[in-house]
Amino acid sequence: MDSEVVLHNGGCHCRRVRWRVKAANSVTGWKCNCSDCSMRGNIHFIVPCEMFQLSGDSKQYLNTYTFGTHTAKHTFCKVCGITSFYIPRSNPDGVAVTLTCVDPGTLSHVEIKQYDGQNWETSYAHTNIASFSNKLLKEALDK
């Protein structure tokens, strides 16, 4: 399937946190079974941080939760509590965008892959998830 790079908009439930992300219209979504993602039912796609931009005064409505290694930065809206994006442990140089927080109309296809967050190191070594925020991807998206 051919993929086109588009500008996706999205945010939280109360719309105080809004963002734009430049990404393909066909993405790989990661369904993780770590304690945090499984409780939230989170499925996300990952982009280089340079491709993500907060809109307006969104930053003032964000709070951050960390646990374990404190590498992942789980951001959420102070008003409605929704995590529409976060900095993942697997890709600290990227942003994990929650699929269900992308405004309708720009995603044409999502391939869901499993990430075994309960066995994090093994899954990291076998999934190639780190490549989803690397500079090669950014260069491809910039074309």
Side-chain angles (χ1 to χ4, degrees), residues 1-121 123-124 127-143:
M1 174 178 287
D2 286 336
S3 214
E4 176 185 340
V5 175
V6 298
L7 190 61
H8 304 282
N9 292 294
C12 68
H13 183 260
C14 70
R15 301 184 64 83
R16 286 182 174 88
V17 174
R18 298 292 297 161
W19 40 256
R20 293 185 182 102
V21 62
K22 187 176 179 182
N25 61 346
S26 176
V27 298
T28 298
W30 294 93
K31 183 176 182 179
C32 179
N33 67 351
C34 78
S35 58
D36 186 76
C37 287
S38 62
M39 285 182 149
R40 290 188 292 115
N42 183 41
I43 301 175
H44 60 272
F45 65 96
I46 299 168
V47 298
C49 63
E50 296 87 358
M51 310 313 276
F52 180 89
Q53 180 181 37
L54 280 174
S55 302
D57 60 355
S58 295
K59 191 171 185 174
Q60 72 176 318
Y61 295 105
L62 291 174
N63 209 343
T64 303
Y65 171 70
T66 66
F67 65 97
T69 66
H70 301 284
T71 304
K73 307 296 184 219
H74 297 274
T75 53
F76 60 93
C77 176
K78 293 178 189 178
V79 178
C80 67
I82 297 297
T83 298
S84 61
F85 72 94
Y86 69 99
I87 307 303
R89 178 180 172 196
S90 62
N91 300 72
D93 60 341
V95 176
V97 176
T98 304
L99 278 171
T100 54
C101 293
V102 176
D103 292 349
T106 55
L107 285 171
S108 62
H109 177 77
V110 179
E111 175 189 0
I112 305 294
K113 291 188 175 185
Q114 302 296 314
Y115 190 85
D116 186 3
Q118 292 179 4
N119 298 290
W120 197 92
E121 288 78 9
S123 195
Y124 183 81
T127 61
N128 198 30
I129 195 170
S131 70
F132 284 80
S133 61
N134 71 24
K135 291 181 182 180
L136 294 175
L137 178 62
K138 181 187 177 309
E139 290 168 8
L141 291 172
D142 280 339
K143 290 182 180 178

* Structure fact -> Sorted by chain and number, sequence neighbours left out, side-chain contact (heavy atoms from CB on, under 4.5 Å) with Thr28 holds for Trp30, Glu111, Lys113, Phe132

* Structure fact -> CZ of Phe76 to SG of Cys12, rounded to nearest 0.5 Å, is 12.0 Å

* Go through the steps to decide whether Val17 and Leu62 satisfy the test side-chain contact (heavy atoms from CB on, under 4.5 Å), and finish with yes or no. => CA-CA 7 Å; Val17 174; Leu62 291 174; 3.6 Å; yes

* Are Val97 and Val102 close enough that some pair of their side-chain heavy atoms sits under 4.5 Å apart? -> yes

* Structure fact -> Output for pair (Asp103 CG, His8 NE2), nearest 0.5 Å, gives 11.0 Å

* Shortest non-hydrogen contact from Arg18 toward Gly11 -> NH1-N, 3.4 Å

* Asked: What are the two closest non-hydrogen atoms of Ser35 and Phe67, and how far apart are they?
  -> OG-CE1, 4.1 Å

* Residue pairs fulfilling salt bridge (Lys or Arg N to Asp or Glu O under 4.0 Å) with at least one residue in residues 23-36, sequence neighbours excluded -> Asp36-Arg40

* **Set of salt bridge (charged side-chain N to carboxylate O under 4.0 Å, His left out) partners for Arg16, sequence neighbours left out** => none

* Partner set under side chain to side chain donor-acceptor pair (under 3.5 Å) for Arg89, not counting sequence neighbours -> Glu121

* Heavy-atom closest contact (Ile87 atom, Pro92 atom, distance) -> CG2-O, 3.7 Å

* Asked: Under a 4.5 Å cut-off applied to non-hydrogen side-chain atoms, are Val95 and Ile46 in contact?
  -> no

* **Any donor-acceptor pair under 3.5 Å from Ser38 side chain to Cys34 backbone** => yes

* Asked: Residues in side chain to side chain donor-acceptor pair (under 3.5 Å) with Arg15, at least two apart?
  -> none

* Set of side chain to side chain donor-acceptor pair (under 3.5 Å) partners for Thr127, sequence neighbours left out -> none

* **Asn33 side chain vs Gln118 backbone, donor-acceptor pair below 3.5 Å** => yes

* Could you tell me the separation between the SG atom of Cys37 and the CD1 atom of Ile43, rounded to the nearest 0.5 Å? => 10.0 Å

* Asked: Who are the side-chain contact (heavy atoms from CB on, under 4.5 Å) partners of Thr66, not counting sequence neighbours?
  -> Thr64, His70, Lys73

* **Residue pairs fulfilling salt bridge (Lys or Arg N to Asp or Glu O under 4.0 Å) with at least one residue in residues 53-68, sequence neighbours excluded** => none

* Heavy-atom side-chain contact between Leu99 and Val27 under 4.5 Å -> yes

Check: residues 77-85 side-chain donor-acceptor pairs under 3.5 Å, at least two apart:
{"residue": "Lys78", "atom": "NZ", "partner": "Gln60", "partner atom": "O", "Å": "3.3"}
{"residue": "Thr83", "atom": "OG1", "partner": "Thr75", "partner atom": "O", "Å": "3.2"}
{"residue": "Ser84", "atom": "OG", "partner": "Trp19", "partner atom": "NE1", "Å": "3.0"}

* To do: Could you tell me whether the side chains of Thr100 and Thr98 share a donor-acceptor contact shorter than 3.5 Å?
  => no

* **Non-neighbouring partners of Tyr86 that pass ring pair (Phe, Tyr, Trp, His ring centres under 6.0 Å), sequence neighbours left out** => His44, His74

* Under the side-chain contact (heavy atoms from CB on, under 4.5 Å) test, which residues partner Arg20, sequence neighbours left out? -> Leu7, Asn9, Gln53, Ser55

